[in-house]
Number of protein chains: 2
Amino acid sequence: MNGDRDRELIQSDETLFAIIDALKQSDGVGVSQVASAVGVSKSTAHRHLSTLLKHQYVVRTASGYRLGLRFLDLGGHVREQYPSFADVEPKVTELAETTGELAQFIAPEHGKGIFVFRRTGEKAVRTEARVGKRVFLHHTAAGKATLAAMSDETVSEIIDRWGLPAKTDATTTDRDALFSELNLIRDRGFAIDADEHLTGLWSVGCPVMATDDRVLGGISVAGPRHRMKDAGIESALPELLQAIASEIELNITYR
Amino acid sequence: MNGDRDRELIQSDETLFAIIDALKQSDGVGVSQVASAVGVSKSTAHRHLSTLLKHQYVVRTASGYRLGLRFLDLGGHVREQYPSFADVEPKVTELAETTGELAQFIAPEHGKGIFVFRRTGEKAVRTEARVGKRVFLHHTAAGKATLAAMSDETVSEIIDRWGLPAKTDATTTDRDALFSELNLIRDRGFAIDADEHLTGLWSVGCPVMATDDRVLGGISVAGPRHRMKDAGIESALPELLQAIASEIELNITYR
DNA sequence: TTCACTGTTCCGTCTTGCGGAACAAATTAA
DNA sequence: TTAATTTGTTCCGCAAGACGGAACAGTGAA
């Protein structure tokens with residue numbers, strides 16, 4: 001098919017990933033459905049699934065194959081293997097309890113943002129995001145704060161790779177507009193997202209730096225517009241966030 | 001090597017899993033180290049790693065390859081795909097806050113127990129376990145409660161598969177002793193783990209049933225021996241646990 | 001019962017994953 | 001600085017083995 005520069009990849013792995021993706025799309029599917037979804041023969045799908053089953057990456061239920069809890073193990077391991085994250089988690093909890101709203105920590109990877117920690121306070125809104133979810137960095141306050149902590153060159157590479165798609169009407173989709181917003185964020189030290197991710201949801205975010213002066217990710221608080229305004233989205237909340245970010249950075253440095 | 005009954009498996013997948021495992025063992029390794037750890041040539045390791053990288057399952061850092069946060073995504077997805085788990089999480093939190101101790105929920109899979117939810121209360125001990133960790137079911141109170149909710153036949157299969165290794169001096173390692181203990185648990189409705197998982201750590205667990213009368217997993221509270229005794233490990237705590245388990249089951253039924 | 005659908009096993013073909021070697025790039029030694 | 005050693009990457013030829021298709025075996029519905 002595309003016969004020249006895939007010599008450096010392994011096609012069996014790619015079909016394996018396609019199968020994992022198919023299982024992720026719809027839980028409880030049979031061999032035949034997987035085969036047709038991925039575009040391989042039944043026997044191929046069957047062999048891949050048997051291998052996955054042997055290594056306990058999937059389980060068989062009455063309704064078919066599903067991804068197994070082994071992925072929870074790998075996910076937990078990955079989160080634990082970044083030593084700095086251990087200092088972030090309690091602070092996210094503290095932030096959620098202090099504000100009563102939704103507190104989150106997003107880490108950048110492959111140019112996107114991944115929700116690493118999420119804690120809901122008393123009155124926090126229930127959004128659909130869950131730990132591990134990948135979002136565009138320019139869609140959230142924590143993500144924009146993270147971008148602002150990177151060099152323009154790095155940000156450019158990210159934009160080239162993923163573009164600047166809109167999520168709501170308020171999302172920044174213009175390259176120059178984003179860069180000037182990032183400069184503003186660099187000046188004042190925090191980012192604001194007003195309806196840019198979900199309409200009605202506002203959030204404040206600020207970056208958390210690692211010891212090597214590279215950005216670890218962004219921490220944020222999110223809530224409905226009126227409550228965020230009342231809580232001081234331009235002054236009190238940013239100060240609280242920056243204080244917490246500093247504490248995290250200190251803990252990382254002197255751990 | 002073992003040349004007859006591996007026709008139903010895919011060896012590329014197996015080396016892929018071996019590579020993932022090698023990456024899990026030690027963070028930040030290079031192509032050569034991976035190759036020698038897994039026992040394949042450099043070129044093979046390189047191609048697998050390139051494929052993993054393309055699909056964002058790994059990241060490259062200065063120190064080498066590491067597993068990426070994509071596994072956090074899959075882990076979160078898996079936990080979310082079991083609809084009943086959504087009813088379990090808040091109750092684990094409630095349990096941790098009420099008791100101030102460590103509350104956990106373990107689900108069985110492939111004959112082992114996986115920590116699905118973990119919440120630490122105010123005075124909770126800090127153990128090494130993390131979400132996703134796999135443990136022998138007979139090592140914990142929640143696990144034994146889960147076993148007790150299964151048929152003897154199923155339990156037998158699990159013992160045949162994994163054995164009954166000891167974790168501490170107090171671990172039940174005898175098959176008959178375990179079965180009679182399971183009968184006791186079935187009678188009184190809860191399981192106790194006294195030093196069987198970690199010396200000094202006691203816990204109470206009870207099963208949580210799904211609507212189809214199969215066991216969903218076990219919920220437990222753990223703490224240091226003296227505090228657990230004071231809190232009524234034989235009466236007050238089991239009652240609390242059973243109440244919470246019933247609430248979960250009701251929520252699942254009428255969701 | 002038959003039918004239509006599953007999941008599983010077998011087999012022959014030829015794709016393609018494999019190791020080894022050559023190369024390039026980076027790090028260390030001298 | 002150069003030399004030496006180790007790293008990551010690319011190329012190539014071969015045969016291991018992944019592939020699709022067909023035959024088989026369960027399972028449930030009509």
Side-chain angles (χ1 to χ4, degrees), chain A residues 1-23 25-68 110 212 214, chain B residues 1-23 25-68 110 212 214:
Chain A
M1 322 251 170
N2 45 0
D4 47 17
R5 206 32 72 216
D6 278 2
R7 198 65 196 271
E8 310 157 10
L9 296 161
I10 286 171
Q11 294 186 357
S12 314
D13 291 358
E14 303 226 87
T15 55
L16 180 71
F17 296 148
I19 288 174
I20 290 174
D21 228 57
L23 291 177
Q25 298 296 321
S26 59
D27 320 331
V29 285
V31 176
S32 308
Q33 295 175 65
V34 169
S36 70
V38 175
V40 294
S41 67
K42 266 200 300 180
S43 50
T44 300
H46 179 256
R47 250 170 302 130
H48 278 286
L49 286 169
S50 298
T51 316
L52 282 164
L53 191 63
K54 178 191 169 193
H55 291 263
Q56 300 166 38
Y57 281 97
V58 301
V59 287
R60 293 195 66 170
T61 65
S63 57
Y65 289 92
R66 335 175 77 177
L67 296 181
H110 290 288
D212 59 355
R214 294 181 53 210
Chain B
M1 319 247 172
N2 45 359
D4 47 16
R5 203 33 70 215
D6 278 1
R7 198 64 194 273
E8 309 158 13
L9 271 56
I10 287 172
Q11 294 186 356
S12 315
D13 291 358
E14 302 225 88
T15 56
L16 180 72
F17 295 149
I19 287 175
I20 290 174
D21 228 56
L23 290 177
Q25 298 296 320
S26 59
D27 320 332
V29 285
V31 175
S32 308
Q33 296 175 63
V34 169
S36 69
V38 174
V40 294
S41 69
K42 268 198 300 178
S43 51
T44 300
H46 179 256
R47 252 170 300 133
H48 278 286
L49 286 168
S50 298
T51 316
L52 282 163
L53 191 64
K54 179 191 169 193
H55 291 263
Q56 300 167 37
Y57 281 97
V58 301
V59 288
R60 293 193 66 170
T61 65
S63 57
Y65 289 91
R66 334 175 77 176
L67 295 182
H110 291 288
D212 58 356
R214 293 180 54 210

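Protein chains get the first letters and strands the later ones, always in sequence-line order, with residue 1 at the start of each.
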Check your understanding: For DNA chain C, what dot-bracket results from Watson-Crick or G-U pairs at under 3.5 Å, with [ ] for crossers and | for inter-strand partners?
Key -> ||||..|||||||||||||||||.||||.|

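One can place CG of B:L9 at 9 Å from P of D:dA18, the figure rounded to the nearest angstrom. Protein atom CD1 of A:I10 is 13 Å distant from nucleotide atom P of D:dG17, rounded to whole Å. D:dG8 atom P lies 13 Å from atom CG of B:L53, rounded to whole Å. Per the geometry, CD belonging to A:E8 stands 5 Å off P belonging to D:dT10, to the nearest Å. Atom CD in A:Q11 sits about 12 Å away from atom P in C:dC18, given to the nearest Å. Rounded to a whole Å, the CG atom of A:D13 is 11 Å from the P atom of D:dA18. Rounded to an integer number of Å, the gap from CZ of B:R60 to P of C:dA26 is 11 Å. Atom pair A:Q33:CD and C:dT8:P shows a separation of 14 Å (rounding to whole Å applied).
Taking B:H55 as the reference, A:E14 meet the side chain to side chain donor-acceptor pair (under 3.5 Å) condition, with sequence neighbours excluded. Evaluation of the side chain to side chain contact (heavy atoms under 4.5 Å, CB included) rule for B:S36 yields no partner, not counting sequence neighbours. A:H110 meets the side chain to side chain donor-acceptor pair (under 3.5 Å) test with no other residue; sequence neighbours excluded.
In terms of heavy-atom proximity, B:E8 sits nearest to A:S50 at O-CB, 3.7 Å. Of all heavy-atom pairs between B:V31 and B:A45, the closest is O-CB, 4.1 Å.
Between B:I20 and A:Y57, some side-chain heavy-atom pair lies under the 4.5 Å cut-off. Looking at heavy atoms from C-beta onward, A:T51 lies in side-chain contact with B:F17 at the 4.5 angstrom threshold. For the pair A:Q11 and A:T15, the minimum side-chain heavy-atom distance is 4.5 Å or more. The shortest side-chain heavy-atom distance between A:D21 and A:Q25 falls under the 4.5 Å cut-off. Between B:V34 and B:L23 the shortest side-chain heavy-atom distance falls below 4.5 Å. At a threshold of 4.5 Å between non-hydrogen side-chain atoms, the residues A:T61 and A:D27 do not count as touching.
The phosphate of C:dT8 has OP1 or OP2 within less than 4.0 Å of a side-chain N or O from A:H46. Contact annotation: A:T44 reaches the phosphate of D:dG20 (side-chain N/O to OP1 or OP2, under 4.0 Å). Proximity of A:H48 to the phosphate of D:dA18: no side-chain N or O atom is located under 4.0 Å from OP1 or OP2.
DNA chain D lies under 4.0 Å from no heavy atom of any residue of residues 15-23 of chain B.
Between atom NE2 of residue A:H46 and atom CG of residue A:L53 there is a gap of 9.5 Å, rounded to the nearest 0.5 Å.
Nearest-nucleotide positions on DNA chain C for A:S12 and A:G64 put A:G64 closer to the 5' end.
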N/O contacts under 3.5 Å, protein versus nucleotides 20-25 of chain C?
{"unit_1": "C:dG20", "atom_1": "O6", "unit_2": "B:S43", "atom_2": "OG", "d": "3.2"}

